[in-house]
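Since the structure comes first, as C-alpha cells, the remarks are kept for the end.
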Amino acid sequence: MNPLRYQFHRASFIFHNHSRSPNFISSTCVCMISTLSVTNLIQDHIRNGNINDARQLFDQNPTCDIVTWNSMITGYIKNNQMQCAHNLFDQMPVRDVVSWNTMMSGLNKTKEPHKLYQFFLQMIRAGVIPNQFTFSTVISGFMNAFDVLVPQLHGLIVHLGLHSNVFVGSALMRGYTRLKDNEALHRVFDDVVVKDVSTWNALVVGYMELGFTVEAQVAFDNMPEVNIISWTTLVNGYIKNRKIDRARSIFDNMPYKNVVTWTAMIKGYVQYDNHIDAIHLFILMLKSGTGPNHFTYSTLLDACAGCSTFLLGNQLHSCILKSGLDREVVVSTALIDMYMKCGDLEAALYVFECMETKNTVSWNSVIGGCARHGLANRALCEFEKMIESGAKPDGVTYVNLLSACMHGGLVKEGERHFNSMGVRYGVKAEMKHYSCMVDLYGKSGELEKAEKLVKDMPFEPDVGVWGALLSACGLHSRYELANGLENLAHDYPTIYSMLVKLHGEKGEWSRAVEMRNKMMETGARKQKAGSRTD
DNA sequence: TTAGGGTTAG
C-alpha cells in the first residue's frame, strides 16, 4: 500500500478510538467535505472515461473514503482493466459489500465463473452479508458453470428476505429455466412483488426454453407492457420450438423491428437450413432501411456457406470491408468458413492471415477447412501454429485434426494427437473422436486396431462408431467381423442397411435380402441424400 | 459507489 495512504488509515483508526475534542471534530468535518468533493471529481473523471485522471487524483488524496475506493474499482472495470481493479481491491484497508459486489460484477463481465465463485466464498468467510446486488450478479455469473447452486442461493435469498427484489427475481427465474424447473420458475415470478417488463420477459423466455409455447404466449398476452425485447423473445421462442411459420407471422405483425429482431428471424431460417428464405429476408431488411451489424453478417455468411452461394458471400465480404466489421473475429471466422465451404481455399486462407486476433474457433475453421479440402499436412501445420500462438485447442480442433489425418491416411500422426489431447491440453476424448480414430484405422486397413479401440472405449459406442467399423469391413472385405456386428442392428437399424450393401457386394444375395427384410421390420428407412447431415 | 431481458462464427 502507498505509505501516505497507510498513515492516513492509521490516523483514522486512532481518531475513531479516542475521545474527540471540538477542534478535532471541526478539522475532521473539513476533511470530510474535501473527501466528498474529491470523490465527486473522481467519479466525474470515471463517468467521462478519464480513468488515468481519476487515478492521479486518487493517489494525490490519501484521505479517500471507501466510496472513492469502490468508485475507482468501478472505473477500472468499466474500462476493462480487471487486473488494476483487482490490485486496488487487494490494497483496500477495509472492504464493504459494495467492494465485493463491484469485483464480482467485473468477474461476471469477463466471464470467469470459477473466480467469481471463489470471490463469493471469500466474501461470506469474511463475514460480509450479501445483498440484492450480490445475488443478481452471482446467479447470473454462475449460469452454466454452477447451475446446481441456484436452489441453495434461493434458500439464502429467502432467509435474507431478498426474494421479492425485481433483479434477484429475474436472475433466479433464468437460473431455474436452466435447471428446467417450471414450477420454481413460476413460484419465483409470483414472489416478485413489483414486476417490471424484464420480469415478464424472463417468464416468456423460461416457458419458451422449456417448450411451453402456449403458456409463453399467454404470459406475453397478459403483459402490462411490452417492449421490443419482449417481441424478439417471443419470435425467438417460437423459432427454438421449431414453429418457424408462427415466428414469421408474429415477426410480420410486430409494431416495430430493429436489427436484433431481423437477425433473429434470419437466423431462424438458417438454423433449419432454409437458406434461401434467410437471404430473401435479408434483402427485405435492407429495403426496410435497417442496417446489418456483425451479428447479421455472421448469420448471412452462414447461410451462404449452407447453400454455397459464393457470389453473395463475396458481395457480403465487400460490404463487411466497407463497414469495418471485418475486425470482428466472429465475422472473419464466418468469412473463412463461407469461403472454405464455397470451395475458395485461397480466399479463406487470405482472410485468416489478415486477422489481427484469432481465437480457437478461427483456428478450427482453418484446420477443418484444410481437412475438408484434403490438405492433411497443411491442417497439421496450422495446428502447430495454433499451439505456438497460444490458442487453446478444444474438442472441435481435435475432430478436425483427426479427420485431416483420416483423409490423409496419417495413422501415426492421428495416434499421436489422439493420445496426447487429454494429457497435454485437457481435451477429453468424446464419441466423435473415437469415431474419427476408428475411421482412420479402418480406412488404413488396420482393422484389428479399430476393433480393439471400439472394445476399449470408456463408453458405449454409438451408431457413428459402429458405422465407421462396418464400412471399414466392407472396404477391406472383412465379412466375418461385419457378421459379428449383426446383433447390434436391432438397436441401430442403419447397420442393417450397411449389411445389405456388404452382402450385396459379396454376392450373398439371400443374406442381403434377409438383412433388408429385417431392416423393413424395424421400420428403418434409408436416409435422404444431402450434402449436410447436421 | 454495486445488479437483470432479445441477435453472431468452427
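Chain letters run A, B, ... following the sequence lines, proteins first, then strands; residues in each count from 1. As the structure is a prediction and not an experimental result, all values here were calculated from the model. Note: hydrogens, waters and symmetry copies are ignored here, and every other heavy atom, side chains too, is used.
A donor N or O paired with an acceptor N or O is found under 3.5 Å between the base of B/dG6 and the side-chain atoms of A/N258. Residue side chain A/N227 reaches the base of B/dG5 through a donor-acceptor N/O pair under 3.5 Å, judged by distance alone. Scanning atom types as modelled, no donor and acceptor separated by under 3.5 angstrom connect the side chain of A/T233 and the base of B/dG6.
Within 4.0 Å of A/T263, counting heavy atoms only, lies at least one base atom of the nucleic acid. No contact: A/S99 has no heavy atom under 4.0 Å from any strand. Among the protein residues, A/L301 comes within range of no part of the nucleic acid, since none of its heavy atoms lies under 4.0 Å from any strand. Counting non-hydrogen atoms under 4.0 angstrom, A/Q43 reaches the backbone sugars and phosphates but no base. When heavy atoms are screened at a 4.0 angstrom cut-off, A/V168 is found touching no nucleic acid atom at all.
Residues from residues 133-147 of chain A that place a heavy atom under 4.0 Å from any atom of DNA chain B, listed by number: A/F133, A/S136, A/T137. For the contact set between residues 389-408 of chain A and DNA chain B, defined by any heavy atom under 4.0 Å, the members are A/D394, A/V396. Listed by residue number, the members of residues 190-199 of chain A with any heavy atom below 4.0 angstrom from DNA chain B are A/D196, A/S198, A/T199.
For A/A264, the listed nucleotide lying nearest its side chain is B/dT7; candidates were B/dG6, B/dT7, B/dA9. Distances from the side chain of A/S105 to the nucleotides B/dT1, B/dA3, B/dT7 place B/dA3 closest. Closest to the A/V166 side chain, of the nucleotides B/dG6, B/dT8, B/dG4, is B/dG4. Checking B/dT8, B/dT2, B/dA3 against every side-chain atom of A/N165, the shortest atom distance belongs to B/dA3. Here B/dA3 is the nucleotide among B/dT7, B/dA3, B/dA9 with the atom lying nearest to any side-chain atom of A/Q132.
Applying the side chain to side chain contact (heavy atoms under 4.5 Å, CB included) test to A/E356 and every residue at least two apart in sequence or in another chain returns nothing. Take A/N293 and apply the side chain to side chain contact (heavy atoms under 4.5 Å, CB included) test, not counting sequence neighbours, and it matches A/V259, A/T263, A/F295, A/T296. Applying the side chain to side chain contact (heavy atoms under 4.5 Å, CB included) rule to A/S198 yields the partners A/S170, A/D196; only residues at least two apart in sequence or on another chain are considered. Listed by chain and number, the residues in a side chain to side chain contact (heavy atoms under 4.5 Å, CB included) with A/R372 are A/D337, A/M340, A/K341 (sequence neighbours excluded). In this structure A/Y434 satisfies the ring pair (Phe, Tyr, Trp, His ring centres under 6.0 Å) test together with A/F418, A/F459, sequence neighbours excluded.
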Identify each donor-acceptor pair in which a side-chain atom of residues 279-291 of chain A lies under 3.5 Å from a protein atom, sequence neighbours left out, and give them as a table.
from, atom 1, to, atom 2, distance (Å)
A/S288, OG, A/M285, O, 2.7
A/S288, OG, A/T290, N, 3.4
A/S288, OG, A/T290, OG1, 3.1

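Taking side-chain N and O atoms only, A/K109 has no distance below 4.0 Å to OP1 or OP2 of B/dA3. In terms of phosphate contacts, A/N359 brings no side-chain nitrogen or oxygen within less than 4.0 Å of OP1 or OP2 of B/dA9.
Under the salt bridge (charged side-chain N to carboxylate O under 4.0 Å, His left out) criterion, the residue pairs touching residues 88-112 of chain A are A/E112-A/K115, with sequence neighbours excluded. The salt bridge (charged side-chain N to carboxylate O under 4.0 Å, His left out) contacts involving residues 248-264 of chain A comprise A/R248-A/D252, where partners must be two or more places apart or lie in separate chains. Sequence neighbours left out, the pairs with a member in residues 41-52 of chain A that pass salt bridge (charged side-chain N to carboxylate O under 4.0 Å, His left out) are A/D44-A/R47.
We find that CD1 of A/I266 is positioned 13 Å from P of B/dA9, with the value rounded to whole Å. Separating the NE2 atom of A/H275 from the C1' atom of B/dA9 is a distance of 14 Å, rounded to the nearest angstrom. Computed from coordinates, the A/R95 CZ to B/dT1 C1' distance equals 16 Å when rounded to whole Å. We find that CD1 of A/I157 is positioned 13 Å from C1' of B/dG4, with the value rounded to whole Å. One interatomic measurement links the two molecules: CE of A/M92 to C1' of B/dT2, which rounds to 12 Å at whole-angstrom precision. Distance CD (A/Q271) to C1' (B/dT7): 11 Å, rounded to an integer number of Å. Between the OH atom of A/Y256 and the C1' atom of B/dG6 there is a distance of 12 Å, given to the nearest Å. Distance, A/L162 CG to B/dT2 C1': 14 Å, rounded to whole Å.
Taking the six-membered ring for Trp, A/F220 and A/W200 have ring centres at least 6.0 Å apart.
The line from CD of A/Q56 to CD1 of A/I42 is 11.0 Å long, rounded to the nearest 0.5 Å.
By the 4.0 Å N-to-carboxylate-O rule, A/D191 lies too far from A/R187 to be salt-bridged with it.
Residues A/H45 and A/I51 form no side-chain contact, since every pair of their non-hydrogen atoms from C-beta on lies 4.5 Å or further apart. For the pair A/L210/A/E215, no side-chain contact is recorded, criterion being any heavy-atom separation below 4.5 Å from C-beta on.
An anti base is found at B/dG6: its glycosidic angle is more than 90° from 0.
The stacking criteria are not both satisfied for A/F167 over the base of B/dG4, which would need a centre-to-centre distance under 5.5 angstrom and an angle between ring planes under 30 degrees.
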